[in-house]
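First the proteins, then the strands, lettered A, B, ... as listed; each starts at 1. Just so it is clear, the values below take in all heavy atoms, side chains as well, and ignore hydrogens, waters and symmetry mates.
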Amino acid sequence: MIEEYQRLDKRVQKWLFNQGWPDLREIQKRAIAPILAGDRDLLISASTAAGKTEAFFLPACSAIAEEENGFGILYISPLKALINDQYRRLESLSEMLDMEVTPWHGDSLQSKKKKARKNPSGILLITPESLESLLVREPGWVKQSFASLKYIVIDEFHAFIGTERGKQLLSLLTRLEHITGRISNPIPRVALSATLGELEKVPLSLRPNKSLPCETITSSQHQSTIKVQVKGYLEPLDIMADDTHISAEQQICHEIFRLCRGDSHLVFANSRSRTENIAAQLGDLCEQQVVPNEFFPHHGSLAKELREDLEARLQKETLPTTAICTMTLELGIDIGKVSSVIQVTAPHSVSSLRQRLGRSGRRNSPSILRMLISENELSDKSNIVDGLRLELVQSLAMVRLLIVNNWFEPADTEQMHLSTFLHQILAVIAQWGSVRADQLYSLLCEQGPFKEITIQHFKQLLSHMGTVQLIQQLNSGELVLGIEGERITNFYTFYAVFKTPEEFRIVAGSKTLGTLPVDSLILKDQHIIFGGRRWKVTDIDDNKKVIYVTSTKGGKPPKFSGNGMSIHDRVRQEMFRIYCTGEYRIEVGNQRIDFVNNLGRQLFQEGAYLFKEADLENHPIYQSGKHSYIFTWMGDKVVNTLTVLLIRSGFVCSNFGGVIEVQNSNVDDIKNCLIYLANTELPDETELARTLSLQQKLIEKYDEYLPEDLLTECYGRKAFNSMGTKQWILDNLV
DNA sequence: GACCTGCTGCGGCCTG
């Protein structure tokens, strides 16, 4: 490997020597040859802090060190904060090479942009949105300054796969290759990513037209020790004021206080409002015990300054600090390792549980995960859904899938992303001024990433875009922007493809605490919790979109908006397996390790007993009083399909947590109805989506401009599965 | 009964 090291630029070698590193890491050595070759794509997949960034930049900077004109490396990041981090980290290396590094995003300095605009060279660090804005507004400059581009590197690539933003990014890269005349001689793409499931599928997500081969480098995983405990809590039927029946959440807060005080931890509470609630209660406990508060909330609606203060406090490691957080602390930001991770309520996916677990485990100590799960105390009026202890069993299933099967949800790469496709049509027309339809199709769908769009879809979409004046066709046949298209593309909000709700700022005195989506009801004089503290609303300014508050006692966290969640088939099937066998423990050698505390175990046994008593293993429909419940143990597509089929047949039903409740019905009626449907032609996904109102189908940013037929087809594909449902009925009810 | 990310150009105000 000595030879590999010597292939780096002499000044890079000198920089390495100055760092005092004993040796290059394995992935860093292995990346040198393929990057210097410059004739292939590269996927570097390794856990955080494995040195992925250096693995790319050391050889890539060596390769462009002699290049004087134009950018040599284009670095793309999903976060502005990461660009700032990376800029600092590249400072000394670029100084050694006398190489320019330009951070380019919405908040970076105009002076730096000006300088790079005049004299582009070295490394450009940018977000997809800023790159979009450059292509649309300054295509001539882009063509010149990227003429000798050698590498495109994408950081946190896993965050892009299967998303609207990821689709936009791939389209941007194709457009960049097109504008620089590099379609037939593509610019190598390097993806840096956390460890991914289904690694063999990733190269296609990096370059859908396969015009360059892709090599993959993964770090040899060192197995670390993991300690897991699941604890059960009981939510009392009556919560008394006398403290004998305190709520499950209060019990959980006491436990967090006991476990976390004196060291640093992360508590993931799944929603912003629960995050706020728990942070406030822990703050109260500190006050009651007259000790300094070391519990603080962290989520996306909190003001940047408040978040950064907490991040800095975690990083410094001088004061014990526990963050009660949402996924904002799951990945990306460098906060160092914490002593343990606590999960309150079941996580939404195994892959996010895995990321969270990875945040704990300091040098030479194990990763520690605790899951604190509450279930309702039962009465004779209780619903079977409560009795089964579904949330607890879901948590157990997820722990098993993660630890025993080493499985987590792969990204969904099958979606059409029509809203982003429409966005890219507008962006390309805005960039070129005018374009022929066949050029558009070739660029976006054949060379670019929109492989799922057929000519038929494309024609239908273009014609509708003409009707709503997004575009118009000239006599020559060329497409140009219409009035509405001009309006949208000329406003700065155009560059991002994802949707964000309008928000109110929350202001205390002269300080902004954060933001709230406008759809939550906030009234004057109401008491709220925000930023882990209690406030009273003094005034609301509808025009300026500001809520004024003052400090006070008491209050509830504001309601944040949100959609339902979707659980993968495999998680539900693991739950079913656990119920059927009554066994959740993990086998290690000849032993079975129990990772659940006494109350949790008791709750599990209640659920498993009810499952047996109702014989859900053999009878998926269960009648209780006037209502019936369908347990499919399948993912949401099948559950949604069954629900809509029954609604179309006149039943009143709803689903929650994968269980369908059918009101005023009995088992035989439901069974007969579904078997009858399965024996005839089941309506297809598009037909099922027609049952829903237009409003329910408007989800992504530009959905409102899509023809309803196309939107319905797209929605149907996302939400339903007719064949799978037919099979489920035949397998389980006949 | 969920979470997160990003974008412009310019006018006005403040500080050194």
Problem set entry | Nearest-angstrom distance from the residue atom CG of A:Leu135 to C1' of B:dG6 | 16 Å

Seminar exercise, completed: In whole angstroms, the gap separating C1' of B:dG6 from CD1 of A:Ile76 amounts to 14 Å

For this session: Would you kindly say whether A:Ser374 and A:Glu235 are connected by a side-chain donor-acceptor distance under 3.5 Å?
Result: no

Exercise. With respect to the phosphate group of B:dT5, does any side-chain polar atom (N or O) of A:Arg307 fall under 4.0 Å of OP1 or OP2?
Worked result: yes

For this session: Please determine, for the side chain of A:Tyr495, which listed nucleotide (B:dG6, B:dC3, B:dT8) has the closest atom?
Result: B:dT8

Exercise. Between A:Ser271 and B:dA2, does any side-chain N or O lie under 4.0 Å from OP1 or OP2?
Worked result: no

For this session: Give the rounded distance in Å between these two atoms: CD1 of A:Ile154 and P of B:dT5.
Result: 20 Å

Problem set entry | Among B:dG6, B:dC4, B:dG1, the nucleotide that comes nearest once only the side chain of A:Thr326 is considered | B:dC4

Exercise. So which one's nearest nucleotide on DNA chain B is more toward 5', A:Gly300 or A:Trp104?
Worked result: A:Gly300

Problem set entry | Phosphate contact (B:dC7 OP1 or OP2) by A:Ser133 side-chain N/O below 4.0 Å | no

Exercise. Quick one: do the A:Glu661 and A:Asn655 side chains pair a donor with an acceptor below 3.5 Å?
Worked result: no

Problem set entry | Under-4.0 Å side-chain N/O to phosphate OP1/OP2 contact, A:Arg272 with B:dC4 | yes

Problem set entry | Atom pair distance, as rounded to whole Å: NZ in A:Lys304 and P in B:dC4 | 16 Å

Exercise. Taking the six-membered ring for Trp, does A:Tyr492 stack with B:dC7 (centroid gap under 5.5 Å, planes within less than 30°)?
Worked result: no

Problem set entry | Nucleotide B:dT8, atom P - distance to CZ of A:Phe491 in whole Å | 12 Å

Seminar exercise, completed: Taking for A:Ala81 and for A:Glu138 the nucleotide of DNA chain B with the nearest heavy atom, the one nearer the 5' end belongs to A:Ala81

Exercise. A:His105 has an atom NE2; how far is it from atom C1' of B:dG6, in whole Å?
Worked result: 11 Å

Problem set entry | Side chain of A:His299 (C-beta onward), nearest among B:dA2, B:dC4, B:dG6 | B:dC4

Exercise. Between the side chains of A:His105 and A:Thr127, is a donor N or O closer than 3.5 angstrom to an acceptor N or O?
Worked result: no

For this session: Report yes if some heavy atom in the side chain of A:Tyr495 is under 4.5 Å from a heavy atom in the side chain of A:Ser130; otherwise report no.
Result: no

For this session: Considering just the side-chain nitrogens and oxygens of A:Thr163, establish if one lies under 4.0 Å of OP1 or OP2 belonging to B:dT5.
Result: no

Exercise. CE of A:Met327 versus P of B:dC3: gap in Å, rounded?
Worked result: 11 Å

Problem set entry | pi-stack flag for A:Phe498 and B:dT5, centroid dist under 5.5 Å, interplanar under 30° | yes

For this session: Taking only the side-chain heavy atoms of A:Thr500 (C-beta and beyond), determine which of B:dG6, B:dC7, B:dC3 contains the nearest atom.
Result: B:dG6

For this session: Assert yes or no for the condition that the ring centre distance of A:Tyr629 to A:Tyr622 is strictly below 6.0 Å.
Result: no

Seminar exercise, completed: From NE2 of A:His348 across to C1' of B:dC4 the rounded distance in Å is 13 Å

Exercise. Does A:Lys499 put a side-chain nitrogen or oxygen below 4.0 Å from OP1 or OP2 of B:dG6?
Worked result: no

